[in-house]
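I have placed the structure first, in the form of structure tokens, so that the comments after it can refer back to it.
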Protein chains: 2
Amino acid sequence: MESQGTGRQPKYQRIAVELKAAIEDGRYGPGDRLPGENDLMAAYAVARMTARQALGVLQTEGLVEARKGAGVFVREYRPIRRRGVQRLSAGLWGEGRSVWAVDAQGWDLEVQSVTVADEKPPEAIGRVLGLAAGASACVRRRRFALDGRPVMLATSYLDAALVSGTAIAEPDTGPGGIYARLGEIGHGPVRFREEIRSRMPTPQETDRLALSAGTPVVLICRTAFTAEGWAVEVNDMVLDSSAYILEYDFTS
Amino acid sequence: MESQGTGRQPKYQRIAVELKAAIEDGRYGPGDRLPGENDLMAAYAVARMTARQALGVLQTEGLVEARKGAGVFVREYRPIRRRGVQRLSAGLWGEGRSVWAVDAQGWDLEVQSVTVADEKPPEAIGRVLGLAAGASACVRRRRFALDGRPVMLATSYLDAALVSGTAIAEPDTGPGGIYARLGEIGHGPVRFREEIRSRMPTPQETDRLALSAGTPVVLICRTAFTAEGWAVEVNDMVLDSSAYILEYDFTS
DNA sequence: TAGTGGTCTAGACCACATT
DNA sequence: ATGTGGTCTAGACCACTAC
């Protein structure tokens, strides 16, 4: 005897639910191989597309990862803690260390690629930076990886006229990074705003971050303000949501 | 002549890319109906499952929403701005207004349902609250909606022994909400930590938030600390990511 | 080489929304 | 009543992985 109502449920959902229960019970642990399409066809007497659909449910929920030619495997979740407030305190970036070093808490967040160019920024960002219409920005694109696994794409925009000739316009910005250099030219930021959203990745983001199906991205747009209230930098970040926990501390 | 390399691309991806381009160009705007499965089968000379797969790509990217019996429609994005820092400043919850009123910025964030019960909390939360093993917590579950559309599920955990007999254990907590009541019994919170993650929703969350395919949820876990450093409340929130922008402001 | 997941076809029946 | 998307079948060929 089955529990009531299960008859109205599509087959693929019933299969998905049973697989999910097996994962939550620990019958399959992180990294384990699940029954594949052929196994499910035999076990449940369904067609291939139906077995596929069941596995697809777990994939789009991010529980499971399909590896071509190998099988379907349970994913694991071990995120990095990123502290939004403390990491930008003066004690850190005022001296020799880069802002990003603290991200990985002992592990090493490695910069995989840097490009610097003058470009016309998106309209909204140009406006925030107070650029004249059509003026160009210094655009710094970076990709960060942890243990070789890419976890974040970052794009910084700064007023090209302000930073040209400084280390900010070079791939290597030197100790303390962009913010230390801005301080040296009298525009050190003291106030920050981070705006956070989440959505499914574009195919390009999926590619650059090597995301598996069912993994959203988190978007952080950080604006850095000087004491005078000028926005000197806008940093657009795209994070692998399975790689991060963001933390913000504040007082009332 | 096609551009080089397109031949190596699966048909469904090619179709998906063309539809996506049409949306980005504005040929289809928010709320518009896209070509359906039958249209695509005819236009591209493919089988039904292939047309479906193409539309599935846009769905899981959150660009598009399928309505049974009606068609496939372009989704729109109009998020609420939620300020993490200012909304908890003393000026707000110290007086008559509830913390949540500012969320919607003029619109009304309505509480759709409240349940209050004493339960054993998840192990990790009991530990944060400093509860003895097996001790029960006062658990407040709420659902918030904007214009009738559910946008957030919130579950608060407090020490049951601390709040029993107060308005916190009632569905209606009175003006200023939980935090004002905690202040009245000498445990007003002054420091907050919010931890943010994102993932695809569980089927239950999809149901309770009426999420369409391709919409992640954002998880905010907020811990409220007293001046003595006690954690008096843990609030677990599940947000429709398409409904929110989170904002955090801070100084270095 | 055998097995896996990825793509694709050509049908079918259903519940549902709009007309 | 017609057309829509949702589910399902029974085949097929391919590229890739593991052995």
Side-chain angles (χ1 to χ4, degrees), chain A residues 5-19 28 31-75 203 206-207 210-215, chain B residues 5-19 28 31-75 203 206-207 210-215:
Chain A
T6 5
R8 292 282 132 245
Q9 201 180 19
K11 292 186 188 178
Y12 78 93
Q13 282 185 19
R14 182 168 118 67
I15 300 173
V17 165
E18 293 199 8
L19 288 174
Y28 302 103
D32 284 0
R33 185 177 179 283
L34 285 179
E37 296 174 357
N38 295 338
D39 303 302
L40 294 178
M41 286 169 69
Y44 292 93
V46 293
R48 185 137 135 70
M49 290 305 292
T50 307
R52 259 184 91 68
Q53 210 174 352
L55 291 169
V57 170
L58 304 205
Q59 265 187 80
T60 57
E61 278 181 40
L63 278 176
V64 127
E65 183 180 20
R67 293 204 275 271
K68 203 184 344 186
V72 180
F73 300 85
V74 179
R75 289 178 53 182
T206 300
D207 189 57
L211 299 174
S212 57
T215 307
Chain B
T6 7
R8 292 282 131 246
Q9 200 180 19
K11 293 186 188 178
Y12 79 94
Q13 282 186 18
R14 183 167 118 68
I15 300 173
V17 164
E18 293 199 7
L19 287 173
Y28 301 102
D32 284 358
R33 185 178 179 287
L34 285 179
E37 296 173 356
N38 295 337
D39 303 301
L40 294 179
M41 287 169 68
Y44 292 93
V46 294
R48 184 132 140 62
M49 290 304 293
T50 307
R52 260 184 91 67
Q53 208 174 354
L55 291 169
V57 170
L58 304 205
Q59 265 186 80
T60 56
E61 278 181 40
L63 278 177
V64 127
E65 184 178 21
R67 293 204 275 271
K68 201 182 348 183
V72 179
F73 300 84
V74 179
R75 289 178 55 184
T206 300
D207 190 57
L211 299 173
S212 58
T215 308

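As the structure is a computational prediction, the values presented were derived from the model and not from experiment. Below, all heavy atoms of this structure are taken into account, side chains as well, without hydrogens, waters or symmetry copies. In what follows, chains are A, B, ... by sequence order, proteins preceding strands, each numbered from 1.
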Drop me the distance from [X]'s [atom1] to [Y]'s [atom2], to the nearest 0.5 angstrom.
{"X": "A:Tyr44", "Y": "A:Arg14", "atom1": "OH", "atom2": "CZ", "value": "6.0 Å"}
{"X": "B:Met41", "Y": "B:Ile15", "atom1": "CE", "atom2": "CD1", "value": "11.0 Å"}
{"X": "B:Thr215", "Y": "B:Gln59", "atom1": "OG1", "atom2": "CD", "value": "10.0 Å"}

Can you measure [X] atom [atom1] to [N] atom [atom2] for me and round it to whole angstrom units?
{"X": "B:Glu65", "N": "D:dT4", "atom1": "CD", "atom2": "P", "result": "18 Å"}
{"X": "B:Leu34", "N": "D:dT4", "atom1": "CG", "atom2": "P", "result": "13 Å"}
{"X": "A:Gln9", "N": "D:dT7", "atom1": "CD", "atom2": "C1'", "result": "13 Å"}
{"X": "A:Leu40", "N": "D:dC8", "atom1": "CG", "atom2": "P", "result": "14 Å"}
{"X": "A:Gln13", "N": "C:dA15", "atom1": "CD", "atom2": "P", "result": "16 Å"}
{"X": "A:Met49", "N": "D:dG11", "atom1": "CE", "atom2": "P", "result": "15 Å"}
{"X": "B:Met41", "N": "D:dT4", "atom1": "CE", "atom2": "P", "result": "11 Å"}
{"X": "A:Tyr12", "N": "D:dT9", "atom1": "OH", "atom2": "P", "result": "13 Å"}

For B:Val72, which of B:Asp32, B:Asp39, B:Val64, B:Leu40 qualifies under side-chain contact (heavy atoms from CB on, under 4.5 Å)?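 Of B:Asp32, B:Asp39, B:Val64, B:Leu40, side-chain contact (heavy atoms from CB on, under 4.5 Å) with B:Val72 is met by B:Val64 alone.
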Distance check: side-chain N/O of [X] vs OP1/OP2 of [N], anything under 4.0 Å?
{"X": "A:Thr50", "N": "D:dT7", "value": "no"}
{"X": "A:Asn38", "N": "C:dG3", "value": "no"}
{"X": "B:Arg52", "N": "D:dG6", "value": "yes"}

Could you go step by step and tell me if B:Leu55 and B:Leu19 meet the side chain to side chain contact (heavy atoms under 4.5 Å, CB included) rule? CA-CA 9 Å; B:Leu55 291 169; B:Leu19 287 173; 3.9 Å; yes
Where along residues 53-61 of chain B does a heavy atom fall under 4.0 Å from DNA chain C?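 Of all residues in residues 53-61 of chain B, the ones placing a heavy atom under 4.0 Å from DNA chain C are B:Gln53.
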I need the minimum non-hydrogen distance between [X] and [Y], along with the two atoms involved.
{"X": "A:Arg33", "Y": "A:Ala70", "value": "NE-O, 3.3 Å"}
{"X": "B:Tyr12", "Y": "B:Thr50", "value": "CB-O, 3.8 Å"}
{"X": "A:Arg75", "Y": "A:Ser212", "value": "NH1-OG, 3.0 Å"}

Using a cutoff of under 3.5 Å, can you pull out all pairs of nitrogen or oxygen atoms linking the protein to nucleotides 16-19 of chain C, with atom names and distances?
none

Output every pair passing salt bridge (Lys or Arg N to Asp or Glu O under 4.0 Å) with a member in residues 50-63 of chain A, not counting sequence neighbours, ordered by first then second residue.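 Qualifying pairs: A:Lys20-A:Glu61, A:Glu37-A:Arg52.
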